[in-house]
Number of protein chains: 2
Amino acid sequence: MGKVTIKDVAREAGVSISTVSNALNNVDVLNPETKSHVLNVAKRMNYVPNLNGKQLKTGKTKMLGFFTTSVSGPYFYTLVESMARECDRLGYGLNVFVTRDKQVIMSNILGRRVDGVIIYEELRIDDEDVSMMMKEKIKAVFLDRFLENETMGSVIFDSFVAGYEATKYLISLGHKKIAYISGVDTMFDSVQRRDGYLEALREHQLLVDEDYVLQGYFEEEGTYNAVKSFLHMHPDKLPDAFLAGNDLSAIGCIRALKSHGFDVPADISVVGFDDIDIAQYFTPPLTTVRNQIARQGVLAIDHLVRMIQKKEQGKKQKLAGELVVRGSSQVKIQRNDLGQE
Amino acid sequence: MGKVTIKDVAREAGVSISTVSNALNNVDVLNPETKSHVLNVAKRMNYVPNLNGKQLKTGKTKMLGFFTTSVSGPYFYTLVESMARECDRLGYGLNVFVTRDKQVIMSNILGRRVDGVIIYEELRIDDEDVSMMMKEKIKAVFLDRFLENETMGSVIFDSFVAGYEATKYLISLGHKKIAYISGVDTMFDSVQRRDGYLEALREHQLLVDEDYVLQGYFEEEGTYNAVKSFLHMHPDKLPDAFLAGNDLSAIGCIRALKSHGFDVPADISVVGFDDIDIAQYFTPPLTTVRNQIARQGVLAIDHLVRMIQKKEQGKKQKLAGELVVRGSSQVKIQRNDLGQE
DNA sequence: TAGAATTATAAAAACGTTTTTATAAAAAGG
DNA sequence: CCTTTTTATAAAAACGTTTTTATAATTCTA
């Protein structure tokens, strides 16, 4: 015995298929008695509508897709949690695709598995695909990516300003030799933060030194290695402070510094980005620029749903970061300038 | 102009719908020339199959559902990441539903939105729903929940063995007086861990003392209080080591010990369970039994897919924990047995 | 070379819904 | 009372596929 369909309910209740459909979707065209009778029969038979049939007919799936390269780490889980909850609240489900396979991505998007999509920037959907999505009137919101395209939405963390402000903060503490630990150079956020950092340096006529831009890949391990090898290769160029591309990177940086006998923040200040939840538990607690990740997720979903339901145009939304001062940074201790080194 | 369908391709290519379908799904019944011609036309027209139509007809969605109360924190993101990747590898997508709404859950499961489901235990799907799922032949794997039901799969963390191994490890360090800080007595995991602990003690003919089983409720605060009051009431029974019911509990325990002037691990070793992400950042870094979360996810997905594709029966799988030795435990320092205390 | 078997394609049915259109019965209008 | 509206329900079409069945053309068999 297979699944009970609307047809079975109709037969059992002695009415037509359309009557059952109307009863279930409470269209007010029905005789109340008929309606409640049908509903009773449906309930008794444990009828549950087949969503594929429904979706095919209506062209709506009530599902949103999140396409990303990863969901690991505090950044992503905060994002996914906030998006999933917001979806649930709005009557949608969330489809998470962790993949780099363009084929998978496009066939799911264009195949109408979901009513709209959230795309994480690292996927770097190319222009051809974007224009394809545009032609098909796909509703999409990009995270952390700026798209010139006016039909697509985007929600980004203003990394340039964040980088700029974080650097200005370090300068205000009296630090002059400030190093930046870059993430992945193809990533918008990473580049923006670095540009903000460089801008602040220039504005204060401070040294802009190529050697002071390390490569940490947004990872603890990668940064740890990068900082260690930097200390090894340039023992004469010890910076006053490190601005790490994100908190994980800041943690890796601090570990590397500790392992070389430096104290953070007494000897060197370190500042990160994001304010992931570990940040406040780390020793020392991290000074960081908070990325309102959860808010970003909620904003993206809300916007996407409005684009779907209210045909709203794609907007560009920038979220400002917020400097959270904790224990990994402090005023530069001015040692005897002549005596040391 | 709407979406291009298989019908449009058929017209454009001058063949029938079924020929197009056969060409796309490379059924080898077609003349190779016809096939490549159709494929070319389809490509030129940017044809992408509508998945709803396909799903309705085939009855398969190539989607798996994950139903949970949360995706926050290291446990969940590790789980979701591993499941999503495994899904991708096997040609499935993952649907994540973060909700407690039974209505949402059941309508998505029974409405055949997904080919199979992974259900996180905290949802506590009741027996009625389980039997409903059984009747509908829903393929399901439960995480961290033991179901007597033979048609459903489950993957659980073997807390008994974890408790047993952790205790054996402490014994191997030379500890003899080992206390256990229990979680909540109604919870499976807590009881299992305690039983494993007791088993290990017995096996090594070590003291099994009622007083050495404290109540910490799986919480930092509760454990802190429990340990403090223990130290207060039994100053003569200072243990060599504490086995805490989970990492949070271990943290509370260490804090209590510190506040009494004890050093961990020099004076007393402490071991926890789970390996939450704070564990490695705490001072001292926690020795703990890691729940192999990623493996649990992969196992669950693999099993589920086999249940779907190979009609495999639901199995019960237990995963052994993995001891992660860090800084909160060390070899018992044998002080002069006669001189001290 | 007539009939059988094979090959390649087309036509039609089906999946389970919703929606549009048709029909029958009841109520209203004059 | 006979037409016109209104009301309640049924029938049919449609969504975009896959799959089953039918048909035509070719090749094989004896």
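In what follows, every chain begins at residue 1, and chains take the letters A, B, ... in the order their sequences are listed.
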Take the angle between the ring planes of B:Tyr77 and A:Tyr77 and call it parallel below 30°, perpendicular above 60°, tilted in between.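 It falls in the parallel class, under 30°.
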Plane angle bin for B:Phe67 and B:Phe97 - parallel if under 30°, tilted between 30 and 60°, otherwise perpendicular: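 Answer is parallel, since the angle falls under 30°.
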Can you tell whether the side chains of A:Glu121 and A:Arg145 come within less than 4.0 Å, N to carboxylate O?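 Answer for the salt bridge query: no.
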We want to know whether [X] and [Y] form a side-chain donor-acceptor pair, criterion being a heavy-atom distance below 3.5 angstrom.
X	Y	result
A:Asp158	A:Gln192	no
A:Glu81	B:Ser70	yes
B:Glu136	A:Asn46	no
A:Thr19	A:Ser16	yes
A:Arg112	B:Asn50	no

How would you label the contact of [X] with the nucleic acid (heavy atoms, under 4.0 Å): base, sugar-phosphate, or nothing?
X	result
B:Ser21	base
A:Gly14	sugar-phosphate
B:Asn25	sugar-phosphate

Judged by each residue's nearest nucleotide on DNA chain D, which is more toward the 5′ side, A:Ile17 or B:Ser18?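 Comparing both residues, the 5'-ward one is A:Ile17.
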Hey, which of these two, B:Gly53 or B:Val15, hits DNA chain C nearer its 5' end, going by closest nucleotide?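 It is B:Val15, whose closest nucleotide lies nearer the 5' terminus.
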Considering only heavy atoms of chain B and a distance under 4.0 Å, specify the first and last nucleotide of DNA chain D in 5' to 3' order that meet this criterion.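 So the contact region on DNA chain D extends D:dG16 to D:dT19.
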Those residues of residues 5-13 of chain A lying under 4.0 Å from DNA chain D by at least one heavy atom: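 Output list: empty, so none.
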